[in-house]
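Structure first, then comments.
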Amino acid sequence: LAIPGGGQDSPTRLTTMETLGATVLVCTPSYALHLLQVARERGVDPARLPVRVTLHAGEPGAGIPSVRARIEAGWGARAFDHGGMTEMGAYGYECEAQAGLHVNESEFVAEVIDPATGAPASEGELVLTNLGRLGSPLVRYRTGDRVRLARSPCGCGRTFARLEGGILGRLDDMLIVRGVNLFPSAIEAIVRRFPVEEFQIEIFRAGELDEVRVLVEVDGGADGARHVQDALRAGLGIRMEVAPVGPGSLPRFELKARRVVRR
Ligand SMILES: [Zn+2]
């Protein structure tokens with residue numbers, strides 16, 4: 001039985017899940033995290049609900065280790081990534097080894113190219129051809145998604161290629177900060193290691209250059225923010241300001257999160 005949650009608010013969805021004993025939760029990674037918070041505010045421990053699997057699409061999150069770990073710990077479940085596009089179809093899934101998105105190569109042909117030159121690459125833009133959609137065939141469709149393709153055998157025994165780390169980001173989401181190419185997902189991977197409830201990446205112009213500031217709802221206020229800032233510097237090699245903001249002050253998202261804001 002699939003229970004549609006559209007049109008309900010978060011407390012109603014939670015109550016429905018509790019009442020019907022839902023065992024699988026399908027949503028964006030951001031919403032899985034948000035629903036955890038809503039549950040705790042209502043005195044419900046989500047790990048005690050019968051949810052055993054969470055399945056995520058729409059954002060990179062489930063392929064980011066720190067995000068996955070937080071979803072799994074909070075829900076007491078295993079979190080799996082899923083890949084699909086409206087125009088292309090559902091082309092990828094994660095197996096029990098959780099070693100990246102397997103491309104369903106009996107239905108899709110996956111190629112990876114350097115987006116600037118079009119030459120084959122191991123990391124670059126994902127190009128897909130669907131073989132099974134008679135009403136919507138797409139041949140060598142440039143997805144705009146950045147991926148890293150692995151053809152080595154998977155622990156699960158499947159031979160389908162894998163996109164390591166899932167979708168790494170949208171090519172047009174890439175930030176250039178003081179000459180360093182940076183995806184918002186790389187920032188999220190580090191921010192989510194800390195007790196950060198929500199965050200936002202602000203891009204603003206400083207002279208001729210783009211600068212980045214990260215706003216965090218973090219335990220520990222200024223000290224907490226400084227720990228995040230140090231980790232970003234160590235992990236990404238660039239200094240960016242991290243500023244603490246009050247709990248609940250940043251927007252929450254039910255569908256695709258929009259955490260990058262240009263000022
Ligand atoms: Zn596998």
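One-based numbering, in listed order, for ligands and for the atoms of each.
Taking CG of Leu20 as the start and CG of Leu1 as the end, the distance is 7.0 Å to the nearest 0.5 Å. Interatomic distance, CG of Asp230 versus CZ of Arg239, reported as 12.0 Å (0.5 Å rounding).
Arg146 has a carboxylate O that lies under 4.0 Å from a charged side-chain N of Glu123, or vice versa, which qualifies the two as a salt bridge. A salt bridge is absent between Arg262 and Glu202: the closest approach of a Lys/Arg side-chain nitrogen to an acidic carboxylate oxygen does not fall below 4.0 angstrom. Taking a cutoff of 4.0 Å between a charged side-chain nitrogen and a carboxylate oxygen, Glu211 and Arg263 do not qualify as a salt bridge.
Around the Zn ion (ligand 1), the protein contributes the following N, O or S atoms at distances under 2.8 Å: Cys95 SG, His102 NE2, Cys154 SG, Cys156 SG.
The side-chain hydrogen bond (donor to acceptor under 3.5 Å, both in side chains) contacts involving residues 75-84 comprise Arg78-Gln98, where partners must be two or more places apart or lie in separate chains.
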